[in-house]
Amino acid sequence: MPLIRSAGNGAGQVVDDPWTLVGDDEPLPENGPVIVTLARWQQDRESLIASGRPLGVRLASDQLAGTIAGDLPHLSLIALEFPSFRDGRAYSTARQLRDRYGFRGELRAVGNVLRDQLLFMHRCGFDAFEVPGADAAAAFARALGEFSVFYQPASDQRLPATRLRPLRSAAE
Amino acid sequence: MYRYDEFDHTFVRQRVEQFRDQVERRLSGALSEDEFRPLRLMNGLYLQLHAYMLRVAIPYGTLSSRQMRCLAHIARTYDKGYGHFTTRQNIQFNWPALKDVPDILLDLAEVEMHALQTSGNCIRNVTADQYAGAAADEIEDPRVWCEIIRQWSSLHPEFSFLPRKFKIAVTGAPNDRAAVAVHDIGLRIVRNEAGEVGFQVLVGGGQGRTPVIGAVIRPFLPKRYLLSYLEAILRVYNLLGRRDNIFKARIKILVQQVGAAVFADMVEDEWQQIKDGPVELPAGELERIQAYFAPPPFETLPDADSGFADAQAGDPAFTAWTRSNLAAHRQPGYAIVNLSLKPVGGIPGDATAAQMDAVADLADRYSFGEIRVSHEQNLILPHVRLQDLYPLWQALEGIGFATANIGLASDIIACPGLDYCSLANARSIPIAQEISRRFAALDRLHDIGELRIKISGCINACGHHHVGHIGILGVDKKGEEFYQLTLGGDATDTAALGDLIGPAVSVHKVVDAVETLVGVYLEHRQNGERFLDTYRRVGLQPFKETLYATH
Ligand code: SF4
C-alpha cells in the first residue's frame with residue numbers, strides 16, 4: 001500500500017515506509033521502527049522503551065486518545081484505523097491527540113481511507129495516509145486542492161473564513 | 001437576510017464543481033452506484049421509489065423572493081412543475097435527472113442556496129422558529145446563530161461521518177415553534193436572572209422509533225461560547241455514540257445510556273479544553289452576521305388600522321382567515337401572515353412553480369421580499385402591514401394559499417409515505433387529504449380549534465406523529481395498511497410524546513376514528529379549552545372507550 005506523506009502546500013509525496021507493523025504474536029524485528037497494537041504496547045511498554053528504537057502505536061477506532069495520552073513522549077507515530085469510511089471516530093481522536101495532548105509525531109490514517117476524505121483527515125491533523133492506487137500522490141493533491149475556503153478552525157494551519165474576513169476588510 | 005460574501009460564493013461553487021466531477025464519473029461508469037452513493041448523499045441526492053430526489057436546504061426557513069423564483073424555475077425546468085416543502089425547512093424535487101443535478105446546484109448557488117448536508121450522517125440543515133425576526137414574543141433573532149452554526153458545520157472535517165444524522169434547532173422565543181425538544185440539540189435563547197441573554201441547551205431529543213424529549217444539560221450558556229460548546233457535544237458523541245446498530249446510533253441513545261447528568265459532565269470535560277480557543281467566533285464576526293438580520297425599514301404605524309377593521313366587518317371569509325392565519329408581530333401596525341399549503345384535499349407542502357412565483361411577487365409587494373418556511377410545511381410572509389392584509393388575502397385566494405386552517409384540524413403534517421418513500425408501510429398523503437375533506441367546513445374547523453394532526457408512513461416518524469395532538473402512524477399488518485393512533489403529543493415548550501390509544505385501525509376506518517376522537521373532545525371540552533388541554537385533563541379513557549365501542 002502506498003504511503004503518502006503530506007509535504008505542506010497541499011502536496012503529498014509517495015514515500016517508502018520505514019515502519020514495520022508487528023502483530024501481537026510476532027517477534028520484534030532486530031531493529032528499525034515498529035508499530036504495535038495498544039494491547040502489545042500496554043503489555044511490553046518497558047521493554048519497548050528500553051529498546052531505544054522509534055516506536056508507534058496503532059489504535060482501533062474504539063480506542064480513545066486518553067488511553068495513550070501519558071505515553072506520547074515515547075511515541076514517534078500513532079496510526080489511527082478507519083475500519084470503514086463511515087466510522088468517523090478517528091477524526092476526533094486525531095484532533096484530541098494534536099490539540100488536547102499536543103502530539104507532534106506522525107499521525108497516520110490507515111484502513112478504509114478514501115480519497116474523498118483525505119482533506120477532512122488532513123484538516124484533523126493527519127499527516128500520513130495509506131492510500132491504495134498507483135496515482136495516490138495525484139489523488140492526494142487533487143483532494144486537498146478542491147476547496148480554498150474553510151468555515152471552521154481545525155487541527156491544521158488553514159485559516160477559516162471567520163479569521164480571514166477581518167483581514168480582508170482591514171486591507172481594503 | 002444573510003448575503004454571501006466572496007468566501008461563501010467561492011465555497012459553494014467549489015462544491016458544485018466537485019459534485020459535477022463526481023456525477024460525470026458516475027455517468028461514464030468510472031464510479032459504481034455503490035461508490036457514488038455516499039458522494040451523492042452528501043449533496044442531498046436520494047434514490048427513491050421511482051426516481052432521484054433532490055433535497056435543497058432552506059437554512060432556518062428563510063427565503064428571499066429571488067430565491068423562491070429560483071425554486072420555481074427549478075420546478076419548471078428540471079421537475080414536473082412543482083416542489084415539496086418538508087418538515088425540516090427543506091424543499092424536495094422528486095423528478096430531477098442525474099445529469100441535470102450539477103446545473104440545478106449551480107442555479108441554486110447563483111441565489112446563495114445549496115443542498116449541502118441535507119442527508120448523510122452529518123450536521124443537517126439547522127432549523128429555526130419560522131417567525132424569527134418578526135414574532136412579538138421573541139427575545140432575540142435565532143437566525144443570527146443559525147447562520148453561525150450553518151457556516152461552522154459546513155463540511156466540518158471532524159463531524160461529517162458521525163454515527164448518525166444530527167439535527168439542531170434554535171428558538172428565540174419562549175413559545176417554542178421550532179420543536180427544539182425533539183432535536184439532537186435544541187437551543188432556546190433565554191434571559192438569565194442578571195438579564196443576560198444566552199442559550200438553554202437540550203440534548204438527545206428525537207423522534208423515530210425511540211421518541212425522546214431532550215434533556216437540559218446546561219440551563220444557561222453565555223452566547224459567546226456556543227461554538228465551543230457545540231463542538232464539545234459533537235466530539236463526545238462522535239467518539240462514544242454507538243456505531244454497531246443503526247437504530248441505536250442517534251445521540252439520544254447515548255444520553256439515555258449514560259444518563260443526562262453524566263453526559264453533561266463528559267461535555268463539560270471536553271469543553272474546558274477548548275473554550276476560549278480558536279473555535280470561538282473572532283471579534284466582529286457576530287456583529288457582521290447580526291447586521292444582515294437588522295429589521296427591514298418598518299413604517300411607524302398605529303396599532304390598529306381602520307381599513308383592516310372595515311374589511312373584517314364586511315367579509316366573514318376574510319375574518320375567518322384573520323383568526324387562524326395571522327400571528328402577532330413585534331412592530332405595531334404589522335402582522336405575520338401564514339400561507340396555508342394545506343388546501344382541502346391537497347398534498348401537504350406541495351407548491352407549483354406558478355404558486356412559488358406568485359408568492360415571490362407578493363413577498364416583494366407586501367413583505368420586504370421576505371418569505372419563511374415552517375416545519376409545519378406552510379409558507380409565511382413575515383412583515384405585512386395591517387392595511388395590506390385584505391388585498392393580500394384576495395391574492396392568496398387566487399393562488400389557493402388562503403385556506404383558513406393554520407393550526408387547525410386540516411393543517412396536517414404528513415410525510416411522503418408509500419406514495420414516494422421506499423421505507424413506508426402505509427400511505428400518509430391520502431389519509432391527510434381525506435381528513436382535510438372531512439373537516440372542510442370552516443365553521444366546524446374553527447369551532448374545533450387548535451388541533452395538530454401528524455401522520456407518518458412508518459416508524460421513522462418523518463411526519464412527527466409522536467408530537468401530534470393526534471398522531472397517526474402507518475403500520476403493516478399482513479400486507480395491509482393499518483394505523484396506530486396516539487393522543488396528547490406536543491412539539492412546543494410543553495413538549496410531550498403521544499400515548500398509544502389501543503390496537504391499530506384499518507385504512508378504511510382511520511379517518512372515521514379521527515372524527516370520533518374529535519367528537520369525544522367536543523363532548524368533554526370546558527371553557528373553550530384546546531383538544532390537547534381536554535386530553536390532559538380527562539386522560540385517555542373516554543377517548544379509548546368511545547373509539548373502540550364505535551369501531
Ligand atoms: S416516516 Fe417512514 S414512510 Fe414517512 S417519509 Fe419517513 S421513512 Fe418514509
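Numbers restart at 1 for each chain; the letters A, B, ... are given by sequence-line order, proteins then strands. For the numbers below, each heavy atom of this structure counts, side chains included, while hydrogens, waters and symmetry mates do not.
Put simply, the side chain of A/Q117 never gets that close to the backbone of B/P157: no donor and acceptor are under 3.5 Å apart. In this structure, A/Q152 contributes its side chain and B/W152 its backbone to a donor-acceptor pair below 3.5 Å. No side-chain donor-acceptor contact under 3.5 Å links A/R165 to the backbone of B/F7. The backbone N or O of A/R86 lies less than 3.5 Å from a partner atom in the side chain of B/R243, making a donor-acceptor pair.
B/I274 contributes atom CD1, which lies 9.5 Å from atom CZ of A/R100 (distance to the nearest 0.5 angstrom). With rounding to the nearest 0.5 angstrom, the CG atom of B/L39 is 8.5 Å from the CG atom of A/L114. Distance CZ/B/R150 to OH/A/Y151: 5.5 Å, rounded to 0.5 Å. Between the CZ atom of B/R13 and the CZ atom of A/F147 there is a distance of 13.5 Å, given to the nearest 0.5 Å.
Among A/D87, A/L119, A/L64, the residue with the largest count of heavy-atom pairs under 4.5 Å with chain B is A/D87.
At most 12 heavy atoms of other shown residues, nucleotides or ligands fall within 6.0 angstrom of atom CD in A/Q157. Applying the 6.0 Å contact sphere to CD of A/E26 captures more than 12 heavy atoms from other residues, nucleotides or ligands. For B/D244, the CG atom is densely surrounded, since the number of other residues' heavy atoms within 6.0 Å is greater than 12. By the 6.0 Å contact criterion, CZ on B/R20 is enclosed, its count of non-hydrogen atoms from other residues, nucleotides or ligands being greater than 12.
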Just do the side-chain contact (heavy atoms from CB on, under 4.5 Å) check on A/F150 and B/L155 with the steps written out, would you? CA-CA 8 Å; A/F150 306 93; B/L155 291 192; over 6 Å; no

Can you list the steps and then say if B/Q151 with A/T162 is a side chain to side chain donor-acceptor pair (under 3.5 Å)? CA-CA 9 Å; B/Q151 295 194 20; A/T162 46; over 6 Å; no

Stepwise side-chain contact (heavy atoms from CB on, under 4.5 Å) test for A/S92 and B/F159: CA-CA 8 Å; A/S92 287; B/F159 304 134; 4.0 Å; yes

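Scanning residues 21-33 of chain B against chain A with a 4.5 Å non-hydrogen threshold yields B/D21, B/Q22, B/R25, sorted by number.
Classified by interplanar angle (parallel below 30°, tilted 30° to 60°, perpendicular above 60°), the ring pair A/Y91/B/F161 is parallel.
With a 4.5 angstrom heavy-atom cutoff, A/T93 touches chain B via backbone and side-chain atoms both. Both the backbone and the side chain of B/N238 come within less than 4.5 Å of a heavy atom of chain A. Both the backbone and the side chain of B/R15 come within contact range of chain A, judged by heavy atoms closer than 4.5 Å. For a residue to count as touching a neighbouring chain, one of its non-hydrogen atoms must lie under 4.5 Å from one of that chain's; by this rule B/P38 touches chain A with the side chain only. Interface remark: B/D5 contributes side-chain atoms only to the contact with chain A (heavy atom separation under 4.5 Å). At a 4.5 Å heavy-atom cutoff, the contact between B/S160 and chain A is made by side-chain atoms alone. Proximity to chain B (any heavy atom under 4.5 Å) is shown, for A/R158, by neither the backbone nor the side chain. Residue B/E280 touches chain A through its backbone alone, counting heavy-atom pairs closer than 4.5 Å. Interface remark: B/L240 contributes side-chain atoms only to the contact with chain A (heavy atom separation under 4.5 Å).
What you find for A/P153 and B/V279 is that their closest heavy atoms are CG-CA, 3.6 Å.
Sorted by first then second residue, the salt bridge (charged side-chain N to carboxylate O under 4.0 Å, His left out) pairs that include residues 226-239 of chain B, not counting sequence neighbours, are A/R95-B/E231, B/E158-B/R235, B/E231-B/R235, B/R235-B/E270.
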